[in-house]
Amino acid sequence: MANQAQPNIPEIFLSPYNPSEHEDNLYQMWNDSGYFNPDNCVKDGIAKPDAEPFTVMLPPPNVTGNLHLGHVYEDSLQDAFVRFHRMQGKRTLWVPGTDSAAIATQARVEKNIQKEDKKSRHDLGREELVKRIEVFAKESEGTILNQIKKVGMSLDWSRYAYALDDERYEAVMTAFTNMYEAGLIYRGNRIVNWDPKGQTTISDDEIVYEERDAKLYTFKYNKDFPITIATTRPETKVGDTAVAVHPEDERYKQYIGQTFDFIFCDVPVSVKVVADKEVDPEFGTGAIGVTPAHSKIDWDIADRANIDHRPQVINEYAKMVAEGRLSGLKVTAAREEVVKWLEEENLLEKTEDIKQNVSTAERTGGIIEPLPKLQWWISVDKEFIIKHSEITGIESGEKISLKELMRKSVENGDVVFPQDRFRKIYFHWIENLHDWCISRQIWFGHRIPAWYKEDEIKVQTNSPGEGWEQEEDVLDTWFSSALWTFSTLGWPEQTKDLETFHPTSFMSPGYEILPLWVSRMILMSGFHLGQVPFKAVMIHGLVRDKQGQKFSKSLKNGTDPLEMVKLYSADALRMSVLMGTAIGNDIRFDEQQVRGYQKFANKLWNISRFVLTSNADVNWEQVPELSERDEEIIRKLKQTVSEVSDEIDKFSLYLGAEKAYHYVWHELADVVLEESKDILTGADESAKYARQYVLKECLITSLKILHPFMPFVTEAVWQNLPKELKDQDILMVAKWPK
RNA sequence: GUCCGGUUAGCUCAGCUGGUAGAGCGCUACAUUGACAUUGUAGAGGCCACAAGUUCAAGUCUUGUAUCGGACACCA
């Protein structure tokens with residue numbers, strides 16, 4: 001091309017698209033415009049004051065974390081929806097935030113302190129440790145926020161929320177107090193999942209099962225004891241209070257109701273033979289040694305048989321508290337010791353190798369020790385009176401349990417799962433739901449607002465006065481996360497934001513936190529507001545590497561998204577995760593694809609150059625006389641717009657992106673531009689003018705429909721278009737075409 | 001054990017309410033110093049896992065089988 005002969009088009013188009021030259025500036029420009037905030041859009045007439053609101057809450061990443069591909073995927077999905085709806089003139093709000101990930105963050109800081117100062121948390125004391133964790137959290141906060149900006153997320157930073165800031169604190173305290181007063185939060189002694197390594201309770205959802213080799217020991221407690229039992233944990237048998245058999249089991253029927261006293265491994269033990277339907281006569285010997293204090297199932301059996309839950313024989317450090325030869329031993333050592341004793345006494349009948357699923361803590365990897373502990377719980381089955389309800393099928397003033405509330409919110413269609421299979425998974429999970437243990441024995445987090453004085457308990461945010469001691473435990477992180485859709489909007493204050501933007505429009509989490517988070521948001525929002533937290537849940541899959549493996553630190557297969565941005569651009573990275581996979585399925589990340597979409601960005605750049613070059617200095621005042629072919633091109637363009645819009649509306653973002661992409665490259669560039677060359681260089685001025693007009697329309701519309709997916713390159717082109725072609729200075733808030 | 005998915009071109013995946021298969025990447029050949037160093041055109045390549053059923057018609061609906069994967073539960 002003869003460069004010096006170029007008509008008046010911005011020089012920038014003369015070289016290939018260079019994303020790093022534009023992206024940061026464009027983000028800055030968007031941010032400075034104020035249009036991430038819907039209030040400003042209303043003020044400047046971009047959205048009508050009564051326009052339909054569209055709200056999304058960013059699933060808050062860990063404040064101390066780094067952006068990974070999973071975030072990029074999740075956030076790109078949301079940003080595309082948000083930008084689409086913003087361009088349609090809705091009052092569009094996307095709220096950013098970060099989470100504290102209390103257990104992980106505290107563990108990390110404790111480790112640092114241990115390493116640098118050789119001090120434990122107890123050396124430092126509660127206040128000092130919490131202070132240090134806060135400092136650490138705040139220091140690292142900027143990292144993830146900047147990374148999110150780097151990939152172009154159109155979040156309203158003026159509404160930024162942090163899980164442990166003052167407003168969220170207010171919400172958490174109020175939520176706890178209200179639920180306590182409704183009788184849904186209670187303190188109870190129950191078997192919990194105790195993580196001896198992390199020194200805290202964890203919820204069922206934080207457990208991972210690992211298959212390990214174990215030994216099943218079959219033995220008698222004592223020579224005179226008539227029943228043989230089998231166990232993988234002989235060391236707990238000093239805590240047995242019963243032996244359970246199936247009520248119909250002919251072998252043992254005669255012993256039911258009898259009590260036996262004997263010395264087991266230096267410890268006096270008294271067991272009663274009880275009948276329980278849960279016992280499988282086929283497994284082992286068909287008889288279970290019941291250790292109520294160290295097994296959930298046994299605890300329940302003891303409950304049903306009305307037997308004492310004590311004694312506790314293992315402590316919080318997974319050491320034996322029993323008297324005699326086991327005293328002070330770790331459980332693993334105690335196990336060997338008991339087996340040795342059984343052999344000495346000739347009580348051991350056999351030892352078998354079996355596979356066993358061992359419960360371990362997700363975060364620390366510690367083996368879970370079930371222990372009875374005084375904990376705080378949320379009852380999911382207890383009925384309460386719901387004061388106010390806007391949820392279909394639930395009347396204000398009705399009696400209902402949280403479980404029912406969670407079921408009905410989805411059953412009646414107030415919360416829609418566009419993918420049917422996740423709806424099923426949700427219901428399946430609700431069926432298996434138990435009371436939720438919400439107390440955690442760490443220091444970083446929201447301290448439970450319960451106060452003790454002698455035998456009295458008061459639940460309130462501030463100290464009732466002299467002599468009252470506050471509960472040591474903090475709340476499960478998921479408690480505050482569950483409030484997120486409305487705590488971010490100012491609740492418990494009845495703010496205008498809350499009124500306008502809640503329920504939110506949709507939530508887009510990964511399937512791994514459906515039970516942990518999604519269902520609990522439904523629970524909390526239903527209880528506190530009588531609303532659902534969101535109208536739709538778009539569950540997405542995991543981002544995996546090319547081989548289909550999960551990204552993980554240990555595999556060292558992690559791809560740094562920022563590296564991809566640097567190499568190819570944020571737009572290309574976003575397209576590569578959005579396109580090609582139906583939402584809900586796992587994605588295989590392939591760098592080749594990112595490269596491919598960067599080519600596309602450049603293609604778009606060149607299309608723009610071509611159109612601008614051929615349209616330079618045209619005066620648009622005349623009405624063009626379109627040929628039949630011109631009209632056909634416009635028809636096809638409009639059809640593409642409506643297809644893309646439809647797909648996005650149906651949550652099929654990947655199809656919307658693909659249709660826009662396909663149109664621009666293989667219709668607009670390959671067909672329309674090619675055939676226009678002759679017309680543009682031809683002698684028919686009227687036909688030329690008409691085609692110039694058509695090309696202009698095609699370009700503007702293409703930029704618009706691609707903007708939700710590739711915000712940067714489309715905006716970069718837009719910023720260099722002549723003013724008279726634009727309906728808004730900024731593409732981000734330009735009108736979505738029809 | 002209960003539940004939920006996947007199985008379509010060499011690879012990664014689309015294919016919505018049934019009308020004899022699509023994209024990207026890769027591959028082959030040709031073209032290209034006129035928007036495009038990141039281009040175009042053409043092409044090869046598929047018993048849509050298998051079987052039975054419904055239908056005028058089945059990747060598409062039903063049932064079953066195989067196989068891979070996931071979630072939940074969990075046994076002493």
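Any value given below was found using the heavy atoms of this structure, including those in side chains, with hydrogens, waters and symmetry copies removed. Keep in mind it's a predicted model, so treat the numbers as computed, not measured. Chain letters run A, B, ... following the sequence lines, proteins first, then strands; residues in each count from 1.
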Quiz prompt | B:G18 and B:G53, which share atom name C1', separated by this distance in whole Å | solution = 15 Å
Quiz prompt | Touch class at under 4.0 angstrom, heavy-atom based, for A:Glu674 against every strand present | solution = base
Exercise. List the steps, then state whether side-chain hydrogen bond (donor to acceptor under 3.5 Å, both in side chains) holds for A:Tyr693 with A:Asn615.
Key: CA-CA 8 Å; A:Tyr693 171 84; A:Asn615 282 4; over 6 Å; no
Quiz item: Going by heavy atoms in the side chains, are A:Phe13 and A:Thr613 under 4.5 Å from each other?
Solution: no
Self-check item: Heavy-atom check, side chain of A:Pro247 versus side chain of A:Asp276, under 4.5 Å
Solution: no
Exercise. Whole angstrom is fine here: how far is it from CG in A:Asp586 over to P in B:G70?
Key: 10 Å
Self-check item: C1' atoms of B:G10 and B:G45, separation to the nearest Å
Solution: 8 Å
Exercise. Assess the pair A:Tyr221 and A:Phe262: is the distance between their ring centroids shorter than 6.0 Å?
Key: yes
Practice problem: Please tell me which of the listed nucleotides, B:U12, B:A14, B:G40, lies nearest to the side chain of A:Asn585? | Solution: B:A14
Exercise. Could you pick out which residue, A:Tyr17 or A:Ile288, lies toward the 5' side of RNA chain B when each is mapped onto its nearest nucleotide?
Key: A:Tyr17
Self-check item: Gap between atoms CD and C1', on A:Gln419 and B:G6 respectively (whole Å)
Solution: 15 Å
Quiz item: Nearest to the side chain of A:Lys599, which nucleotide is it out of B:G5, B:A35, B:U39?
Solution: B:U39
Practice problem: Determine the interplanar angle of the A:Phe260 and A:Phe225 rings, folded into 0 to 90°, and report it as parallel if under 30°, tilted if 30 to 60°, perpendicular if over 60°. | Solution: perpendicular
Quiz item: What's the closest nucleotide to the A:Tyr654 side chain, out of B:C4, B:U12, B:G15?
Solution: B:G15
Self-check item: Among B:G26, B:U12, B:A35, the one nearest A:Arg595 by side-chain distance
Solution: B:G26
Quiz item: Between A:Tyr661 and A:Trp665, what is the ring plane arrangement, given parallel below 30°, perpendicular above 60°, and tilted in between?
Solution: tilted
Self-check item: Distance, rounded to the nearest Å, where A:Asn606 contributes CG and B:G34 contributes C1'
Solution: 13 Å
Practice problem: Runs of at least three consecutive Watson-Crick or G-U pairs, both distances under 3.5 Å, are what I'm after; which ones involve RNA chain B? | Solution: B:1-7 with B:66-72, B:10-13 with B:22-25, B:27-31 with B:39-43, B:49-53 with B:61-65
Quiz item: Quick one: is A:His666 getting a side-chain N or O under 4.0 Å of the B:A23 phosphate, OP1 or OP2?
Solution: no
Practice problem: Hey, can you tell me if A:Tyr73 and A:His540 have their rings parallel, tilted or perpendicular (30° and 60° cut-offs)? | Solution: perpendicular
Quiz item: Considering only B:U12, B:C16, B:C36, which nucleotide approaches the side chain of A:Arg609 most closely?
Solution: B:C36
Quiz item: Hey, which of these two, A:Phe422 or A:Gln593, hits RNA chain B nearer its 5' end, going by closest nucleotide?
Solution: A:Phe422
Quiz item: Any luck finding a side-chain donor-acceptor pair between A:Tyr568 and A:Glu591 under 3.5 Å?
Solution: yes
Quiz prompt | Separation between the P atoms of B:G5 and B:C75, rounded to whole Å | solution = 27 Å
Quiz item: Taking the P atom of each, how far is B:A29 from B:A35, in whole Å?
Solution: 27 Å
Practice problem: Give the ring-plane orientation class for A:Phe264 versus A:Trp341, where under 30° counts as parallel, over 60° as perpendicular and anything between as tilted. | Solution: perpendicular
Exercise. Round to the nearest Å and state the distance from A:His662 atom NE2 to B:C25 atom P.
Key: 11 Å
Practice problem: Looking only at side-chain atoms of A:Ile297, point me to the closest of B:A14, B:C75, B:A37. | Solution: B:C75
Quiz item: Side-chain N or O of A:Lys424 less than 4.0 angstrom from OP1 or OP2 on B:G5?
Solution: yes
Practice problem: Considering only atom P, compute the distance from B:G34 to B:U28 and round it to an integer number of Å. | Solution: 26 Å
Quiz item: Considering only B:C25, B:C4, B:A35, which nucleotide approaches the side chain of A:Ala669 most closely?
Solution: B:A35
Self-check item: P atoms of B:A9 and B:A23, separation to the nearest Å
Solution: 14 Å
Quiz item: Roughly how many Å is it from NZ in A:Lys677 to C1' in B:U39, rounded to a whole number?
Solution: 10 Å
Quiz item: Taking C-beta and beyond as the side chain, do A:Glu23 and A:Pro19 meet within less than 4.5 Å on heavy atoms?
Solution: yes
Quiz item: Base, sugar-phosphate alone, or nothing: which one does A:Ile587 contact when heavy atoms must sit under 4.0 Å apart?
Solution: nothing
Quiz item: Any luck finding a side-chain donor-acceptor pair between A:Asp303 and A:His309 under 3.5 Å?
Solution: yes
Quiz item: Nearest of B:U38, B:C25, B:G40 to any side-chain atom of A:Asp670?
Solution: B:G40
Self-check item: Nucleotide of B:C25, B:C36, B:U38 approaching A:Lys603 most closely (side-chain heavy atoms)
Solution: B:C36
Quiz item: On a whole-Å scale, what distance lies between the C1' atoms belonging to B:A49 and B:U60?
Solution: 16 Å
Practice problem: Would you mind calling B:G59 syn or anti? Take O4'-C1'-N9-C4 for purines or O4'-C1'-N1-C2 for pyrimidines, and syn is within 90° of 0. | Solution: syn
Quiz item: Quick one: A:Gln598 CD to B:U38 C1', roughly how many Å, whole number?
Solution: 8 Å
Quiz item: A:Phe600 CZ to B:U39 C1': how many Å, rounded?
Solution: 15 Å
Quiz item: Between A:Arg233 and A:Glu235, is there a side-chain N and carboxylate O pair less than 4.0 Å apart?
Solution: yes
Quiz item: Taking atom C1' of B:C75 as reference, at what distance in whole Å does atom NE2 of A:His246 sit?
Solution: 14 Å
Quiz item: If the P atom of B:G24 is compared with that of B:G43, how far apart are they to the nearest Å?
Solution: 14 Å
Quiz item: Under 4.0 Å between a side-chain N or O of A:Trp665 and OP1 or OP2 of B:C36?
Solution: no
Quiz item: Heavy-atom contacts under 4.0 Å between residues 230-239 of chain A and RNA chain B, which residues?
Solution: A:Ala230, A:Thr231, A:Thr232
